[in-house]
Amino acid sequence: MKIDELRRVCVVGAGLMGRQIALNAAHRGFAVRLWDASAEQLRAAERWTDEYIAGRIEKGRWTKDEAAAAQARLGFAADLAEAAADADLAIEAVVEDIAVKRKVFAELDRLCPARAILATNSSTFVSSLVADATKRPTQVANLHYFNPAMVMEVVEVVQGPHTSAETASLLVEFAQRVGKRPILMKKEIEGFIANRLLRALGREATFLVDEGYASFEEVDLAAEKALGHPLGPFRLMDLTGIDLAFTIRSAIYEASGREEDRPPRCIEERYRAGHYGRKTGRGFYRY
Ligand SMILES: NC(=O)c1ccc[n+]([C@@H]2O[C@H](COP(=O)([O-])OP(=O)(O)OC[C@H]3O[C@@H](n4cnc5c(N)ncnc54)[C@H](O)[C@@H]3O)[C@@H](O)[C@H]2O)c1
C-alpha cells in the first residue's frame with residue numbers, strides 16, 4: 001500500500017484517546033469509522049465531537065466548511081464489522097488490558113481487509129504482545145498518541161521485530177498527514193521514549209521526597225525553574241491522577257516483585273487517603 005491509497009481509518013475504543021484520534025484523522029482528510037463496545041461511550045464521543053467542533057468554529061480556529069467536512073468524514077459505527085469493513089488502517093484505543101487488546105486484534109484481523117495495517121495506541125504494551133493474535137504480524141505496530149491527541153504535536157511509531165519496514169514507514173507518513181511529527185523507534189521496549197523519560201524523572205523525584213532530601217515543592221521548583229519543565233513531576237501527577245500513578249506502579253511491582261519497583265510512600269499515602277489530585281481537590285497540592 002502507498003500512503004495515497006491509505007484513505008479509510010477504523011478507530012476502536014471511543015474513550016478519551018480514541019475520540020480525539022478519530023476526529024484528528026477526519027479533520028485531516030481521512031474517512032473514519034469509530035466504534036466502542038459501550039454504546040453509551042460512543043454516544044458520549046459523538047456529543048464530545050459536536051461540542052469540540054462547535055468550539056473550534058466559535059474561536060475562529062476552523063472555518064464552517066472545514067468543520068462540516070471533518071464531521072462528514074467521521075462516522076460512528078453500529079458494530080466492529082461496520083467499522084472495520086474497507087479499513088486501510090485500524091487504530092486500537094481500548095482499555096489498557098492486554099487480554100482485551102488481544103481479543104480486539106484477533107477480531108480486527110478477521111474483519112479488516114487483508115491490506116489493512118493494525119496499530120495499537122497502548123501507552124505501555126509493545127505490539128509483539130498483540131501481533132501474534134493476528135495472521136498478519138508484519139502489518140502490526142505501535143502508533144502512540146499523546147493526550148490531548150487533537151493538540152499534541154508528536155506520535156511515537158514503534159517497529160516490533162515482526163513489523164515490516166513498509167508498515168513502519170506507512171505509519172510515519174500517516175502521522176505526518178494527520179499533522180504530527182513522528183518519532184520512529186526501530187526496536188521495541190515497553191513504555192517507549194517519552195513515558196520512560198517521565199518515569200525516570202518520577203522515580204528520582206519520589207526517591208528524594210521519600211528519603212527526606214527535599215519537599216515535593218522543592219523538587220517541583222527545581223524541575224520547573226532549573227530544567228525548564230512546564231510542570232514539576234508532582235504538579236503533573238496531581239493533574240494526571242495519583243490513583244493512576246499508584247495503579248501503574250503497583251502493576252509494575254506485582255509483575256517484577258523487585259523491591260525497587262515498590263510504589264513510593266509519598267504516592268501510596270495519598271492514594272490510601274483518597275487524595276487523587278485535582279479531581280478530588282487535593283493531592284500533593286490543595287485546589
Ligand atoms: N489517557 C492517556 O493519556 C493516554 C495517552 C496515550 C495512550 N493511551 C492509551 O490509549 C488507550 C485508551 O486509553 P483512554 O485513556 O482513551 O481510555 P478510556 O478508558 O477513556 O477509553 C477506553 C475505551 O475502550 C472501550 N472498550 C473497552 N473494551 C473494549 C472492547 N473490547 N472493544 C471496544 N471498546 C472497548 C471502553 O468502553 C472505553 O470507551 C489505552 O491503551 C491507553 O494506554 C492513553
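Quantities reported herein were computed from a predicted structural model and do not represent experimental measurements. Because only heavy atoms are used, hydrogens play no part in the values below, and waters and symmetry mates are left out as well, while side chains stay in. Counting starts at 1 for both ligands and their atoms, in listed order.
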Q: Heavy-atom distance from atom 17 (O) of ligand 1 to the protein below 4.0 Å?
A: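 No, there is none.
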Q: Which of the atoms of ligand 1 are close to H144, meaning less than 4.0 Å from one of its heavy atoms?
A: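 With H144 as reference, the close atoms of ligand 1 come out as 6 (C), 7 (C).
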Q: Is the shortest side-chain heavy-atom distance between D238 and Y287 below 4.5 Å?
A: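 Contact flag for D238/Y287 side chains = yes.
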Q: Taking C-beta and beyond as the side chain, do P113 and D88 meet within less than 4.5 Å on heavy atoms?
A: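 Heavy-atom side-chain distance check fails, nothing below 4.5 Å.
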Q: Can you tell me how far apart CD1 (I193) and NE2 (H144) are? Round to the nearest 0.5 Å.
A: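 Separation between the atoms: 11.5 Å.
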Q: Among all protein non-hydrogen atoms, which one is nearest to atom 21 (O) of ligand 1, and what is the separation to 0.1 Å?
A: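 Nearest neighbour among protein heavy atoms for atom 21 (O) of ligand 1, to 0.1 Å: G15 CA, 3.3 Å.
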Q: I want to check something: taking the side chain as every heavy atom from C-beta on, are Q20 and W48 in contact at a cut-off of under 4.5 Å?
A: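 They are in contact (side-chain heavy atoms under 4.5 Å apart), so the answer is yes.
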Q: Does at least one non-hydrogen atom of K101 fall below 4.0 angstrom from an atom of ligand 1?
A: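 In this structure, K101 qualifies as a contact of ligand 1 - some heavy atom is under 4.0 Å.
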Q: Considering only non-hydrogen protein atoms, determine which one is nearest to atom 3 (O) of ligand 1 and report residue, atom name and distance to 0.1 Å.
A: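 Nearest protein contact, heavy atoms only, for atom 3 (O) of ligand 1 is N147 CB, 3.3 Å.
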Q: Give the numbers and elements of all ligand 1 atoms closer than 4.0 Å to a heavy atom of S38.
A: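 Atoms satisfying the 4.0 Å criterion: 37 (O).
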Q: Is it true that R249 and D261 have a side-chain N and a carboxylate O under 4.0 angstrom from each other?
A: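 D261 and R249: not salt-bridged.
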Q: Any chance CD of E260 has more than 12 other-residue heavy atoms, nucleotides or ligands included, within less than 6.0 Å?
A: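 Yes, because the 6.0 Å sphere around CD of E260 holds more than 12 heavy atoms from other groups.
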Q: To the nearest 0.1 Å, how far is atom 8 (N) of ligand 1 from its closest protein heavy atom, and which atom is that?
A: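 Ranking protein heavy atoms by distance from atom 8 (N) of ligand 1, first comes S123 OG, 3.0 Å.
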Q: With only distance considered, is V94 within less than 3.5 Å of ligand 1 through an N or O on each side?
A: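 There is such a contact, yes.
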Q: Is there side-chain contact between Y52 and R56, with at least one heavy-atom pair below 4.5 Å?
A: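 Heavy-atom side-chain distance check passes, below 4.5 Å.
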Q: Counting non-hydrogen protein atoms only, what is the nearest one to atom 19 (O) of ligand 1? Give residue, atom name and distance.
A: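 Of the protein heavy atoms, V95 CG1, 4.4 Å lies nearest.
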Q: Any idea which atoms of ligand 1 are less than 4.0 Å away from a heavy-atom of E96?
A: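 Once the distances to E96 are compared, the set is 40 (C), 41 (O), 42 (C), 43 (O).
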Q: Below 4.0 angstrom from a heavy atom of V12, which ligand 1 atoms are there? Numbered from 1 as shown, please.
A: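 With V12 as reference, the close atoms of ligand 1 come out as 33 (C).
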Q: Checking contacts here: is it the side chain or the backbone of Q41 that comes within 4.0 Å of ligand 1, counting heavy atoms only? Could be both or neither.
A: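 For Q41, the contact with ligand 1 is made by the side chain alone.
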Q: Please work out which of G18, G241, A37, A39 has its closest non-hydrogen atom nearest to atom 33 (C) of ligand 1.
A: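 Ranked by closest heavy atom to atom 33 (C) of ligand 1, first place is A37.
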Q: So which protein heavy atom does atom 10 (O) of ligand 1 come closest to, and at what separation?
A: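 For atom 10 (O) of ligand 1, the nearest protein heavy atom comes out as N121 ND2, 3.0 Å.
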Q: Who passes ring-ring contact (aromatic ring centres under 6.0 Å, His included) against H27, sequence neighbours left out?
A: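 With sequence neighbours excluded, H27 shows a ring-ring contact (aromatic ring centres under 6.0 Å, His included) to W62, given in chain and number order.
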Q: Just go through W35, Y145, F125 and tell me whose heavy atom is the nearest to atom 6 (C) of ligand 1.
A: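 Closest candidate by heavy-atom distance is Y145.
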Q: Which residue supplies the protein heavy atom nearest to atom 28 (N) of ligand 1, what is that atom called, and how far is it?
A: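 Closest protein heavy atom to atom 28 (N) of ligand 1: V100 CG1, 3.8 Å.
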Q: Using a 6.0 Å cut-off, check whether atom CD of E211 has over 12 heavy atoms from anything other than its own residue.
A: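 Yes.
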Q: Does the side chain of P233 reach to within under 4.5 Å of the side chain of F216, using non-hydrogen atoms?
A: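 Side chain of P233 against side chain of F216, heavy atoms only: no contact under 4.5 Å found.
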Q: For S250 and T247, does a side-chain donor sit closer than 3.5 Å to a side-chain acceptor?
A: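 No, no side-chain donor-acceptor pair sits under 3.5 Å.
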Q: Measure V104 to ligand 1 on non-hydrogen atoms and call it side chain, backbone, both or neither using the 4.0 Å cut-off.
A: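 Side chain only; the backbone of V104 stays clear of ligand 1.
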Q: How about K101 and F125: do any of their side-chain heavy atoms sit closer than 4.5 Å?
A: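 Sidechains of F125 and K101: in contact.
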Q: I'd like to know whether the aromatic ring centres of F234 and Y285 sit less than 6.0 Å apart in this structure.
A: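 No - the distance between ring centres of F234 and Y285 does not fall below the 6.0 Å cut-off.
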Q: As an exercise, identify every atom of ligand 1 less than 4.0 angstrom from a heavy atom of S122.
A: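 Once the distances to S122 are compared, the set is 41 (O).
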Q: Before signing off on this row, confirm whether L16 and ligand 1 have an N or O atom pair separated by under 3.5 Å.
A: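 Indeed, backbone or side chain, L16 has an N or O that close.
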Q: Can you pull out the closest protein heavy atom to atom 2 (C) of ligand 1? Residue, atom name and distance to 0.1 Å, please.
A: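 The answer is M17 SD, 3.8 Å.
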Q: What do you reckon, does K103 put a non-hydrogen atom under 4.0 Å from ligand 1?
A: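 No; K103 lies far enough from ligand 1 that no heavy-atom distance drops under 4.0 Å.
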Q: Strictly by modelled atom types, are E96 and S122 linked by a side-chain donor-acceptor pair under 3.5 Å?
A: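 The criterion, which ignores hydrogens and geometry beyond distance, is satisfied for S122 and E96.
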Q: Within the structure, is a non-hydrogen atom of F146 found at a distance of less than 4.0 Å from ligand 1?
A: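 Checking ligand 1 against F146, which is what was asked, there is no heavy-atom contact under 4.0 Å.
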Q: Any idea which protein heavy atom is nearest atom 37 (O) of ligand 1, and the distance to it?
A: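 For atom 37 (O) of ligand 1, the nearest protein heavy atom is D36 OD1, 2.6 Å.
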